[in-house]
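First comes the structure, then the notes that go with it.
Quantities reported herein were computed from a predicted structural model and do not represent experimental measurements.
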Amino acid sequence: QVRLVESGGDSVQAGGSLRLSCAASWYAYTRKCMGWFRQPPGKEREGVAAFFSGTGSTWYSDSVKGRFTISQDNNKKTVYLQMNSLKPEDTAMYYCGVLVDPRIGSQCGTFRGYANWGQGTQVTVSS
């Protein structure tokens, strides 16, 4: 069972930056999708950024493209989400999820099939 723990959420003003971290408890999966998702109050969870460990390919939702960056640290135990130029509409609970051994790498960018959610970390952006 993969265990994920998110951290780094905070309250910031519009235009500010945050870096979220997702610490993972596994080491063995070489082919996996790591994704960041968010759930604004009263809305469904949506995928915002994804990373495929096999190639390093990344995908972003249109709402965050150019502002958010997903990355993995060298020991492959932590995935980050660098969030710049934050907007009030970025306010949400942010979660990371994993999809182990996808059939093809591009599956990561569909934001479907992810599991093993962490407890989430709250990001609040004020105007």
Side-chain angles (χ1 to χ4, degrees):
Q1 180 77 13
V2 176
R3 182 168 177 265
L4 304 174
V5 179
E6 303 95 338
S7 62
D10 205 345
S11 296
V12 297
Q13 290 192 330
S17 298
L18 284 173
R19 189 175 79 158
L20 306 184
S21 299
C22 173
S25 63
W26 78 84
Y27 305 94
Y29 298 108
T30 57
R31 294 186 74 255
K32 61 186 179 290
C33 305
M34 288 299 303
W36 280 99
F37 296 72
R38 65 186 182 187
Q39 186 167 16
K43 297 185 178 181
E44 293 187 354
R45 184 159 50 194
E46 62 174 354
V48 296
F51 172 94
F52 177 50
S53 63
T55 61
S57 298
T58 58
W59 294 264
Y60 298 93
S61 66
D62 288 343
S63 61
V64 307
K65 198 172 295 181
R67 299 188 297 122
F68 290 12
T69 303
I70 187 171
S71 63
Q72 178 177 260
D73 70 352
N74 290 336
N75 64 14
K76 301 181 180 180
K77 298 178 185 178
T78 303
V79 175
Y80 301 101
L81 185 67
Q82 178 67 43
M83 305 187 298
N84 298 328
S85 302
L86 283 162
K87 305 175 181 180
E89 51 263 44
D90 295 319
T91 294
M93 184 70 80
Y94 282 72
Y95 301 89
C96 62
V98 62
L99 171 59
V100 174
D101 198 19
R103 185 173 60 86
I104 54 175
S106 59
Q107 185 178 354
C108 301
T110 68
F111 297 108
R112 296 177 180 178
Y114 286 76
N116 300 100
W117 305 103
Q119 83 290 345
T121 187
Q122 178 67 39
V123 172
T124 302
V125 185
S126 57
S127 57

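Between the OG1 atom of Thr124 and the CE atom of Met93 there is a distance of 8.5 Å, given to the nearest 0.5 Å. Here the CD1 atom belonging to Ile104 is positioned 11.5 Å from the OG1 atom belonging to Thr55, to the nearest 0.5 angstrom. Summarising the geometry, atom OG belonging to Ser17 is positioned 12.0 Å from atom CG belonging to Asp10; distances are rounded to the nearest 0.5 Å. In this structure, Tyr94 OH and Leu18 CG are separated by 9.0 Å, a value rounded to the nearest 0.5 Å. In this structure, Gln39 CD and Gln122 CD are separated by 10.5 Å, a value rounded to the nearest 0.5 Å. To the nearest 0.5 Å, atoms CE (Met34) and OG (Ser71) are separated by 11.0 Å.
Between Tyr60 and Thr69, some side-chain heavy-atom pair lies under the 4.5 Å cut-off. In this structure, the side chains of Gln107 and Leu99 come closer than 4.5 Å at one or more pairs of heavy atoms.
Of the possible donor and acceptor atoms, one in the side chain of Asp73 sits under 3.5 Å from a partner among the backbone N and O of Thr78. Side-chain N or O atoms of Glu6 include one that pairs as donor or acceptor with a backbone N or O of Gln119 at under 3.5 Å. The backbone N or O of Lys32 lies less than 3.5 Å from a partner atom in the side chain of Ser53, making a donor-acceptor pair. Although no hydrogens or angles enter the test, the distance criterion places a donor-acceptor pair under 3.5 Å between the side chain of Arg67 and the main chain of Ser85. In this structure, Arg38 contributes its side chain and Glu46 its backbone to no donor-acceptor pair below 3.5 Å.
Ion pairing of Lys65 with Asp62 is present here, as a side-chain N (NZ or NE/NH1/NH2) and a carboxylate O approach within less than 4.0 Å.
Side-chain rings of Phe68 and Trp36 stay apart, their centers remaining 6.0 Å or farther from each other.
Note: the hydrophobic cluster containing Phe111 also contains Tyr95 (ILVMFWY, side chain heavy atoms under 4.5 Å, direct or indirect links). Under the 4.5 Å side-chain heavy-atom criterion for ILVMFWY residues, no single connected hydrophobic cluster contains both Phe52 and Ile70. Cluster annotation: Tyr114 and Val64 are assigned to distinct hydrophobic clusters (Ile/Leu/Val/Met/Phe/Trp/Tyr, side-chain heavy-atom contacts under 4.5 Å, transitive). In the hydrophobic cluster analysis, where Ile, Leu, Val, Met, Phe, Trp and Tyr join through side-chain heavy atoms closer than 4.5 angstrom, Leu4 is grouped together with Leu81. Criterion: ILVMFWY side-chain heavy atoms under 4.5 Å apart, direct or through other members. Under it, Val48 and Val125 are part of a common hydrophobic cluster.
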Verdict with supporting geometry, Val123 and Met83, side-chain contact (heavy atoms from CB on, under 4.5 Å): CA-CA 10 Å; Val123 172; Met83 305 187 298; 3.8 Å; yes

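Evaluation of the disulfide (SG to SG under 2.5 Å) test over residues 33-70, restricted to residues two or more places apart or in two chains, returns Cys33-Cys108.
In plain terms, the two heavy atoms of Gly47 and Phe37 that are nearest each other are CA-CD2, 3.4 Å.
Every residue was checked against the salt bridge (Lys or Arg N to Asp or Glu O under 4.0 Å) condition with Arg112, not counting sequence neighbours, and none meets it.
Side-chain contacts under 4.5 Å among hydrophobic residues (ILVMFWY), followed directly or transitively, place Tyr80 with no other residue at all.
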